[in-house]
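Numbers here simply count residues along the sequence, with the first being 1. Numbering of ligands and ligand atoms starts at 1, following listing order.
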Amino acid sequence: MSKYRIGLFGFGCVGQGLYETLEKNIQLPADIVKICVKDPDKERPLAADAFVYDPKEILNDDTINLVVELIDDADKAFDIVQEALKRGKPVVSANKKMVAENLDRLIELQQIHRTPVLYEGAVCGSIPVIKTLEDYYSLEQIREIKGIFNGSTNYILTKVIEENKSYDEALEAAQANGFAETDPTLDVEGYDPKYKLSIVLQHAFGIHVHPDQIFNQGIQNITRADIAFARERGLKIKLLAKATRYEDRISAFVAPHFVSRESPLYHVENEYNAVLVNGDFANEQLLVGKGAGKLPTGLAVLSDVASITQDYQYILNREASDLSHSSTTEEVYVSFKSDETLDFSMFHVISEKYVGQQSGYVIGEIDIPALKTLLKDSSANVIFTSGARAETEIHKLTYSYEIG
Ligand SMILES: NC(=O)c1ccc[n+]([C@@H]2O[C@H](COP(=O)([O-])OP(=O)(O)OC[C@H]3O[C@@H](n4cnc5c(N)ncnc54)[C@H](OP(=O)(O)O)[C@@H]3O)[C@@H](O)[C@H]2O)c1
């Protein structure tokens with residue numbers, strides 16, 4: 001009998017991915033013994049007696065000593081995880097929203113109950129981000145971490161920009177391939193990468209910033225005019241999550257960026273994710289991989305299961321950090337319909353302005369809270385040029401718009 005008896009919550013895309021990857025790794029001392037799902041009427045690829053519908057059947061079962069939570073409901077997931085920890089059952093989860101919104105409490109519960117929670121699958125699918133930050137980078141002073149943290153938006157941008165597909169066609173294809181979240185607004189409006197960034201901030205810099213405090217703009221307002229603007233200048237548009245350290249403070253946000261050919265992120269296409277870490281000792285390192293999907297994410301979850309069988313836990317050993325999260329001034333391109341009135345006095349500097357018959361744009365420097373106000377209730381779009389200050393520190397990695 002396996003030493004680890006898994007109670008699995010959720011048997012959708014990732015749950016089935018875990019099942020399949022575990023089946024092919026019979027040497028791992030872990031078996032799935034019960035699967036809790038929601039809908040008793042749904043057809044399943046396994047016999048009906050593999051499934052239960054009441055979470056208590058797993059949580060109250062003393063023979064189950066590992067809970068894997070892979071459901072698509074963050075609030076229910078948090079209830080399940082809390083109950084499991086209180087009962088001394090280690091937890092593996094891939095639920096970025098649940099982890100990001102409750103990280104302080106999860107850390108506290110792990111300490112109180114001396115029971116670990118691992119969540120590699122929650123951040124960039126199969127790319128080993130959390131463990132790499134925890135283990136390999138534990139002695140590194142990270143200056144910046146940024147990247148393409150969402151597979152479905154990168155897939156949509158690739159199809160729209162490179163293959164001239166319509167936005168709706170591209171979104172449909174992302175959903176059909178299992179890259180998109182059940183609720184696609186989480187992807188396209190930039191919430192999903194923001195949850196991941198919030199988790200990364202904890203492991204890279206030792207600070208927890210609740211996702212509500214992180215600015216996010218997604219790809220939903222990108223227009224054909226924006227794409228043409230980028231194309232004419234040899235740029236691509238990528239949705240980036242980015243956290244930068246400035247002495248004692250961290251700036252963090254999610255937004256579309258113009259990216260030039262010189263950036264390694266320019267070449268990351270389709271559902272691939274990429275994480276670019278820049279530290280004092282190692283300088284730049286790029287991790288690239290499939291950020292979503294059944295088997296890649298299943299593998300990340302399986303890797304956490306293996307880690308639990310080896311008594312691994314996150315050390316979270318960044319020194320008690322004095323860093324604080326604060327917003328910065330960024331250089332941005334804002335595009336808008338010609339008949340829309342925007343308050344451009346919010347910009348510190350406007351370096352370029354164009355208003356055509358149907359649409360226009362400005363390029364200038366603005367504080368992030370002011371940008372948030374500017375965009376509120378507007379169909380205007382913003383694309384970051386990456387910011388001149390970051391540019392001087394992180395040479396050539398990102399595009400800095402040169403005013404002609
Ligand atoms: N898809 C990806 O590529 C990916 C990548 C990284 C992380 N994740 C994360 O992994 C988690 C699962 O995503 P998914 O794509 O596998 O979702 P999914 O395909 O929509 O499957 C969700 C599963 O959760 C079950 N479920 C929902 N509410 C439940 C409840 N209250 N009690 C028990 N079971 C419940 C559903 O049951 P029924 O089958 O009865 O409907 C279904 O089996 C999410 O947190 C997601 O953010 C997904």
* Asked: Of all residues at least two apart in sequence or in a different chain, which pass the side-chain hydrogen bond (donor to acceptor under 3.5 Å, both in side chains) check with E108?
  ->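 Checked E108 against side-chain hydrogen bond (donor to acceptor under 3.5 Å, both in side chains); matches are R105.
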Contact (N/O only, under 3.5 Å) between [X] and ligand 1:
X: K294; value: no
X: G291; value: no
X: V14; value: yes
X: A122; value: no
X: F9; value: no
X: F11; value: yes

Atoms of ligand 1 close to [X] [distance to a heavy atom under 4.0 angstrom, numbered from 1]:
X: N95; answer: 45 (O)
X: A292; answer: 3 (O)
X: K96; answer: 6 (C), 7 (C), 8 (N), 47 (O)
X: G10; answer: 23 (C), 24 (O), 25 (C), 43 (O)
X: R44; answer: 38 (P), 39 (O), 40 (O)
X: G121; answer: 6 (C), 7 (C)

So which bit of [X] gets within less than 4.0 Å of ligand 1, heavy atoms only: side chain, backbone, both or neither?
X: T297; result: side chain
X: K42; result: side chain
X: E120; result: neither
X: K38; result: both

* For atom 45 (O) of ligand 1, state which one of N177, D72, I71 supplies the nearest heavy atom. => I71
Out of the candidates [options], only one should pair with [X] under the side-chain contact (heavy atoms from CB on, under 4.5 Å) rule; please name it.
X: L197; options: V123, D192, I214; result: I214
X: F384; options: V332, V259, V254, L240; result: V332
X: E134; options: H203, Q313, E120; result: H203

* To do: Would you check if the side chain of S138 reaches a backbone N or O of D135 as a donor-acceptor pair within less than 3.5 Å?
  =>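 The answer is yes, because a donor-acceptor pair under 3.5 Å joins these two groups.
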* To do: Answer yes or no on whether R44 is positioned over the face of F51, meaning its NZ or CZ is under 6.0 Å from the six-membered ring centre and within 45° of the axis.
  =>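 Ring-cation test returns yes.
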Exceeds 12 heavy-atom contacts within 6.0 angstrom, atom [atom1] of [X]:
X: I26; atom1: CD1; answer: no
X: E247; atom1: CD; answer: no
X: K372; atom1: NZ; answer: no

* Asked: So, E20 and K294, do they make that salt bridge, N to O below 4.0 Å?
  ->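 Judged by the 4.0 Å cut-off on N to carboxylate O distance, E20 and K294 do form a salt bridge.
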* Which residues share a salt bridge (charged side-chain N to carboxylate O under 4.0 Å, His left out) with E271, sequence neighbours left out -> K290
